[in-house]
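A short worksheet on the structure shown next.
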Amino acid sequence: MNVELMDGKVINATDGSSALDVCKSINNSLYKKTLAAKINDKVSFLGCEVKEGDKLQFVSWEDEEGKDCLRHTASHVLAQAVKRLYPDVKVAIGPAIENGFYYDFEFKNPITSEDLPKIEKEMQKIIKENIPVERYTMSRTDAIAYFKEKNEDYKVELIEDLPADAEISFFKQGDFTDLCAGPHVLSTGKVKYVKLMSLAGAYWRGNENNKMLQRIYGTAFPTKEELDEYVNMLEEAKKRDHRKLGKQLDLFNIMEEGPGFPFFFPKGMILKNILEDYWREIHQKAGYQEIKTPMILNSQLWKRSGHWDHYQENMYFTNIDENEYAIKPMNCPGSMLCFKRKIYSYRELPVRMCELGLVHRHEMTGALHGLMRVRCFTQDDAHIFMTKEQIQEEILGVIELTKGLYNLFGFDFHLELSTRPEDSMGSDEDWELATNGLINALNAAGMPYVINEGDGAFYGPKIDFHLKDCIGRTWQCGTIQLDFQMPERFDLTYVGSDGEKHRPVMIHRVVFGSIERFIGILIEHFAGSFPLWLAPVQAKILTITDNSVPMARELADKLEKAGIRVELDIRNEKIGFKIREAQLEKTPYMLVLGDKEVENNQVSVRYRSQGDIGSFGVDDIIARMKDEVDKKLITYDEGK
């Protein structure tokens with residue numbers, strides 16, 4: 001039989017061959033690094049049979065599917081280790097997740113985090129045993145009987161929810177067999193290096209009415225170097241936690257009186273305003289007009305937009321004059337009304353409207369996380385109304401604007417294209433036009449992208465920008481969504497060259513995404529040591545003697561007039577104490593004044609990461625700081 005590889009090469013294989021057999025027949029080097037196979041674009045166990053005409057691709061650690069397969073097997077190794085150590089435990093589910101895996105258990109006597117090293121040691125034994133992983137199937141009836149005999153109630157419940165004629169797949173590794181769709185790697189030895197990270201509680205099937213289980217989280221890598229690098233990154237991330245630094249630097253806090261609703265303090269507002277001012281500057285240059293729409297709008301608007309049917313569980317509601325209203329979770333319906341207020345000619349398109357709109361979305365308490373997941377945030381929205389012929393040019397313009405902003409902050413990024421979800425509205429034709437519009441623009445921009453099937457918004461496909469911070473983590477921020485549905489629902493029109501009314505096409509887009517979340521990302525990216533132009537306090541004047549106080553006041557006045565944000569510390573404290581305090585506050589410039597500096601009309605300058613950098617004339621240090629601010633230089637004082 002013939003099997004076609006991804007490069008178009010056709011391999012002649014014996015009937016009944018598995019993907020593994022084909023892999024081995026090509027070369028040993030490929031076999032050593034292969035973890036799974038894609039058979040006709042479906043990720044599969046290497047031991048699965050291939051058939052005449054199948055398209056075959058081999059998956060390695062470099063592929064996301066390869067990482068998932070290895071870590072999925074690691075979760076089974078975890079379950080096997082737990083079963084060996086605690087024979088009366090009941091196992092639930094254990095998937096691969098981003099950067100790792102977990103498995104849920106019902107222990108007769110709950111374990112603690114002190115037990116994790118013992119479990120990890122048993123896992124390492126199983127990996128060293130290099131136990132082959134085997135896949136087989138059973139009927140639904142036989143599968144239920146098998147797990148009832150094993151007293152595995154959770155597995156029985158999962159199988160009972162499957163159709164009566166379902167064929168159930170199992171994966172077996174030595175003395176451990178699990179109900180699983182797979183795929184997995186060929187043996188436990190392929191897992192190589194594991195580390196158990198934490199222990200948490202988890203309701204069975206995520207339902208708080210069900211039993212609370214114990215969830216063990218872990219991660220796995222094929223080399224010790226990669227594992228160590230990941231663990232070190234997590235340690236670095238702890239140091240950079242924006243919640244801790246937000247309090248330390250007096251930027252923001254989440255109070256118990258408003259869970260999920262951030263309070264910004266004066267220094268935090270300086271940072272927020274810098275971002276918003278820069279946002280306004282680049283949008284004005286790019287031809288956007290700023291608008292402001294109400295925070296509360298009646299229910300009929302949200303029904304017309306589709307949010308009532310597709311997003312209601314995330315919305316807050318109120319009643320005014322016995323009528324139902326909603327607090328806006330998004331700005332777009334308000335923009336529709338702004339466009340609809342007048343008749344536009346085709347000559348006036350595109351119309352670009354932008355808004356820094358405060359939106360509210362209901363998030364579960366357990367999902368809240370500092371500024372990264374909140375219940376109210378400022379969305380830097382923009383909506384572009386255009387003709388179909390303008391789609392590509394406008395998307396390219398948004399990509400360039402977004403790319404410029406991320407480059408300013410020193411972020412690398414990659415793009416992902418998300419296509420039509422199951423819960424969508426609109427015709428197949430509209431979705432095809434919208435999706436092709438995004439694809440054509442990405443190709444014209446010459447930018448690589450990953451496709452996320454079925455992950456688009458309910459009204460249109462989207463391009464997402466995923467930022468990479470200085471310790472390697474990724475964050476989804478900017479979005480470009482192409483929408484044929486909202487203009488239809490709101491009956492938006494423009495007058496074409498033929499004098500007739502036509503339907504515009506619409507782009508929804510954000511650059512920061514959420515300004516609050518972007519601030520959280522910046523705090524962690526720079527570890528709170530912001531570049532000078534972003535720092536809420538750019539310089540702190542520290543006096544050594546009482547004689548230096550008058551000069552300190554004069555210097556502060558000069559700095560303020562030059563546009564430098566400055567604080568004055570003239571307390572009767574030792575200079576070492578003042579310096580340490582300023583460093584903890586991550587102030588970029590510390591300007592030290594004593595009798596010597598007053599006599600020479602100079603300033604002794606300390607920089608946050610470099611310590612003493614010498615003495616400067618007052619005008620010289622002001623010029624240096626202004627130049628650094630004007631150039632918006634990016635610095636990583638905590639290491640990159």
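Any value given below was found using the heavy atoms of this structure, including those in side chains, with hydrogens, waters and symmetry copies removed.
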Within a 6.0 Å radius of atom [atom1] on [X], are there more than 12 heavy atoms belonging to other residues, nucleotides or ligands?
X: Lys632; atom1: NZ; result: yes
X: Glu313; atom1: CD; result: yes
X: Glu290; atom1: CD; result: yes
X: Gln476; atom1: CD; result: yes
X: Lys55; atom1: NZ; result: no

Report task. With Trp475 as reference, evaluate Lys468, Met372, His466 under the side chain to side chain contact (heavy atoms under 4.5 Å, CB included) test and give the passing residue. Result -> Met372
Taking every non-hydrogen atom, the tightest pair across [X] and [Y]:
X: Cys180; Y: Ser169; value: O-OG, 2.5 Å
X: Val43; Y: Cys69; value: CG1-SG, 4.0 Å
X: Met330; Y: Trp302; value: O-CH2, 3.6 Å

Query raised in the report: What is the ring orientation for His383 with His508, classed by angle as parallel under 30°, tilted 30 to 60°, or perpendicular over 60°?
Result: perpendicular
Query raised in the report: How are the rings of Phe221 and Tyr230 set to each other: parallel, tilted or perpendicular (split at 30° and 60°)?
Result: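 Rings of Phe221 and Tyr230: tilted, 30 to 60°.
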Report task. Consider only side-chain N and O atoms of Ser60 and Glu62, and report whether a donor and an acceptor are under 3.5 Å apart. Result ->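 The answer is yes; a qualifying pair exists.
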Report task. For the residue pair Ser187 and Asn130, confirm or rule out a side-chain donor-acceptor distance under 3.5 Å. Result ->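 Yes - a donor-acceptor pair under 3.5 Å links their side chains.
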Query - From Leu534 atom CG to Leu275 atom CG, the distance as rounded to the nearest 0.5 Å - result: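 Answer rounded to 0.5 Å: 6.0 Å.
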Report task. State the OG-CZ distance between Ser44 and Arg135, to the nearest 0.5 angstrom. Result -> 8.0 Å
Report task. Would you verify whether the NZ or CZ of Arg215 falls within 45 degrees of the ring axis of Tyr102 while also being under 6.0 Å from that six-membered ring's centre? Result -> yes
**Report entry** Residues that Thr635 engages under side chain to side chain donor-acceptor pair (under 3.5 Å), provided they are two or more places apart
**Finding:** none
Query raised in the report: Are Asp161 and Arg205 within salt-bridge range, i.e. N to O under 4.0 Å?
Result: yes
Query raised in the report: Can Lys328 and Glu355 be counted as an ion pair, charged N to O under 4.0 angstrom?
Result: yes
Query raised in the report: Are any side-chain N or O atoms of Gln390 and backbone N or O atoms of Leu349, one a donor and one an acceptor, separated by less than 3.5 Å?
Result: yes
**Report entry** With Glu281 via salt bridge (Lys or Arg N to Asp or Glu O under 4.0 Å) - residues at least two apart
**Finding:** Lys285
